[in-house]
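A quick write-up on the structure given underneath.
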Amino acid sequence: MDAPHLLAGLNDEQRAAVSAPLAPTLVLAGAGSGKTRVLTHRVAWLVQVEHVSPHGILAVTFTNKAAGEMRGRIESMLGVPSAPLWIGTFHGIAHRLLRLHWRETNLPQAFQIIDSDDQLRAIRKIIKSLELDESRWVPKEVMWFINARKDEGLRAKDLKDEGDPNRRQFIKLYELYQEQCDRSGSVDFAELLLRAYELLRDRPDVLSHYRNRFRHVLVDEFQDTNTIQYDWLKLLVGPTGVPFAVGDDDQSIYRWRGAKVENLQQYRRDFPGVQLFRLEQNYRSTGNILEAANALISNNTGRLGKNLWTSGERGEPVRLYAAFNERDEADFVVNRVRDWTLKGGRRSDCAILYRSNAQSRTFEEALLAARIPYRVYGGLRFFERAEIKDALAYLRLIFNRVDDASFERIVNLPARGIGTKTLDTVRNYARANACSMWQAAGACISELGNRLGQSLHGFLVLIEQLDQQTRNLPLHEQVDHVINATGLVAYYKQDKGDRGEAKVENLEELVTAARGFEPDEAAQMPALANFLSHAVLESGEDQADEWEDGVQMMTLHSAKGLEFPIVFMCGMEDGLFPSQRSITDVGGLEEERRLCYVGTTRAMKQLFMSYAEQRRLHGTDTYGTPSRFIKEIPPEFIEEIRPRIQVSRPVYVPRSSGSGRMEEERPGGIRLGQRVRHQKFGEGVVFNVEGDGSNAHIQINFERHGMKTLVLGYANLEPV
DNA sequence: CGTGGGCGGATTTTT
DNA sequence: TCCGCCCACG
């Protein structure tokens, strides 16, 4: 039993994990320790050394990107197509199971996946139809409630209201929403997982079939699994399966959406004697960066324990910049990018990481002004665009008439004289008769007036015709026909300027996407249905231009799994990062710290951290203190580029651009943070100053009277 | 039926 | 400040 090429180039720990005996395994893989390598080599090992049939291997990831990467690497390693292996995301695998077993899970064969946007619309519609106040029953919160329960494996009937009328209403909404989904054959993301779990739980025949088939189950990013995903895995693996889990408790940053780091511990309990491997040698970052990261994360409690090390050089210290405000911070970053590119570096070697998307704007402006190309991750993706979703809605309705959400979306798009009144009639009929909008529309035509009835009838005929005309066409011609015959293309052509043009281009791109689409043979379904599911499950590339060499900008969350020679971690201020909302609870704070750890370990050669003393947030100036995470990094790893001069700075009068760094003291020595006394309001703290000289407006937080804005010249303030 | 102004809200994101 | 949503108006 040897396959030297499979173990060549691996370190001892990696080799041990790859060639581990066929028993439950856990690989704790630190950042940059070659986790994906171990996973892919393990698959190759199973096939080539242990002679496991690829047919018996299931590999699960969280993102399509990770799944695609793994598939590619495995194919090139095995030298054969990886089709017999099941490699996919949790949702993708669950989807495949449901397609194969729709009968056993009481789904219509034509069931459609809906994305969170559609889900929110559906929930909003239900809240409206109950005539509930949307400000009290916030659709987003209801959605969050439903998804969180599904992620815990709970149906509405499993929930008790505990005498809480609020909770009772939420449960009711959950129930109604699910009924609505079942009626229209829609399955949301959480439902995919829950149904797939119930399928295995309730159907012993199905369960034993898959247990026999998939003896080897490999899971990536195990720390990100939620309850239902873990329960599903456990069920599938059963007493005889061989699970191989890879994860890093220090990189668990999705607790807020149901991920349970505890699953790592639970796994060790559920599979006693699990073989544990630690990958601690880091191949990515310099010594300084690594030690800074280690020091930071050591502040967390309950870690499984792991210390990254590198045999590489110490490298440069972490550089810390105390910016004056967010524009100064952006200028600083731009200048460092310039330094790098002047030395011949690529712009795409540089990554600007921030806590929240809103922070990207300042950097975009600065980069734009400096004419440095950049790419922002996290925008709208292809299949999420309105025009694409419109076209898909037509296709979905053609495929599945009872899809009410799609019906409502396009019944009057482009406008064909079907207004609120007509729709109300149809909706009422549908509700009264517990039928679909489609059926209701057919029944309502006669009772509507001549004109309205005609319009509605026209729509029904249109859909029927499209179905007839396109039924036997290849997928891309089907799409092409639909976007033209419905008038969608013509409709968007009218849109003013570039926007209309871009939308039409996108619609044409949809045809191209359909042409290049390769159906999933295993799922045994019509190409159109397969394409529609694909569109939801893989919402497509970001809109940004990939081909251009640009500075990369993204949130800390989306940076996970990536690496860059130069990393800027910006907005390192308490309240921003860690975010205000997480500061009050320990678990939240520890998760933010892990996020900081993730950011830190993205850097290969240089890491810059910056914070702004003054920042415009939600339209008002705020004054922050440096993030507590900065203080958790021992000073020997940090070099301050411009040390802060004093704790409470003299008031600064902003000049026209962020370049000015002049500091002025105001008459009367008023500084931010200064305690002052006012004749009428008593004592308070200077919170903000805007404007010049004695005309300046000062915002003071008074102890007894709260926040007041006063004019300096008249306020007669006395420093305390 | 489409647009503009007023209003409230404002982490993180994948599927 | 900025964005998205709702309603009122043309």
Side-chain angles (χ1 to χ4, degrees), chain A residues 60-67 88-95 113-121 124 128 134-135 138-141 144 147 150-151 187-194 196 221 224-226 228-229 252-259 326 353-362 365 377-381 383-384 386 412-423 455 491 494-496 533-540 542 554-561 571 575-583 588 591-592 594-596 598-599 615-622:
Chain A
V60 201
T61 65
F62 276 84
T63 65
N64 291 304
K65 199 176 158 204
T89 62
F90 276 100
H91 292 86
I93 301 285
H95 173 238
I113 306 172
I114 58 170
D115 65 14
S116 13
D117 198 62
D118 299 330
Q119 187 184 21
L120 189 63
R121 281 164 189 269
R124 189 173 284 139
K128 277 214 176 99
E134 273 192 58
S135 59
V138 186
K140 274 222 169 89
E141 285 174 14
W144 183 86
N147 289 340
K150 287 188 175 185
D151 285 347
V187 174
D188 60 51
F189 289 130
E191 184 72 18
L192 282 172
L193 303 176
L194 180 51
E221 306 275 18
D224 284 337
T225 52
N226 63 27
I228 197 75
Q229 285 162 338
S252 152
I253 54 175
Y254 288 110
R255 193 181 76 125
W256 52 275
R257 65 179 202 213
E326 75 274 13
L353 309 184
Y354 35 77
R355 179 66 236 268
S356 73
N357 284 307
Q359 288 169 256
S360 74
R361 228 193 83 217
T362 327
E365 283 167 2
Y377 285 76
L380 256 197
R381 275 158 321 162
F383 288 109
E384 291 168 357
N412 200 33
L413 191 113
R416 46 177 75 90
I418 302 171
T420 338
K421 201 162 162 271
T422 309
L423 278 179
S455 308
Y491 172 76
Q494 294 169 15
D495 269 24
K496 296 184 214 52
S533 303
H534 165 87
V536 187
L537 281 175
E538 302 190 30
S539 33
D542 273 292
M554 67 195 80
T555 62
L556 287 151
H557 281 92
S558 28
K560 194 168 97 163
L576 239 196
F577 188 35
S579 82
Q580 195 57 53
R581 296 166 76 147
S582 66
I583 277 176
E591 174 141 315
E592 296 279 301
R594 291 192 291 269
L595 189 55
C596 190
V598 166
R615 178 181 297 275
R616 233 174 146 69
L617 259 183
H618 310 317
T620 43
D621 286 333
T622 54

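Below, chain A is the first sequence line, B the second, and so on; all start at residue 1.
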Q: Any chance you could measure A:Q359, atom CD, to A:E326, atom CD, to the nearest 0.5 Å?
A: 10.0 Å
Q | Interatomic distance at C1', C:dC6 relative to B:dT11, whole Å | A | 25 Å
Q | Outermost nucleotides of DNA chain C that come under 4.0 Å of a non-hydrogen atom of chain A | A | C:dT1 to C:dC2
(Q) Distance check, rounded to the nearest 0.5 Å: A:L192 atom CG versus A:I113 atom CD1? (A) 5.0 Å
Q.
Just so I know, are the side chains of A:Y254 and A:E221 near enough to count as touching, which here means a heavy-atom distance under 4.5 Å?
A. no
Q.
Distance check, rounded to the nearest 0.5 Å: A:K128 atom NZ versus A:R121 atom CZ?
A. 10.5 Å
Q: Assign A:L413 to base, sugar-phosphate, or nothing according to its heavy-atom contacts below 4.0 angstrom with the strands shown.
A: nothing
Q. If we only count heavy atoms from C-beta on, is the A:K560 to A:D224 side-chain gap below 4.5 Å?
A. yes
Q: Going 5' to 3' through nucleotides 5-15 of chain B, assign each nucleotide B (protein heavy atom under 4.0 Å from a base atom), S (under 4.0 Å only from sugar-phosphate atoms) or - (no protein heavy atom that close).
A: -----BBBBBB
Q: Please test A:Q119 against A:N147 for side-chain hydrogen bond (donor to acceptor under 3.5 Å, both in side chains), starting from the C-alpha separation and ending with a verdict.
A: CA-CA 10 Å; A:Q119 187 184 21; A:N147 289 340; 2.8 Å; yes
Q: Could you tell me whether a side-chain N or O of A:S360 sits under 3.5 Å from a main-chain N or O of A:N357, the two making a donor and an acceptor?
A: yes
Q. What nucleic acid atoms does A:N412 come within less than 4.0 Å of, heavy atoms only: base, sugar-phosphate, or nothing?
A. sugar-phosphate
Q.
Could you check whether any side-chain heavy atom of A:V187 comes within less than 4.5 Å of a side-chain heavy atom of A:I114, counting everything from C-beta outward?
A. no
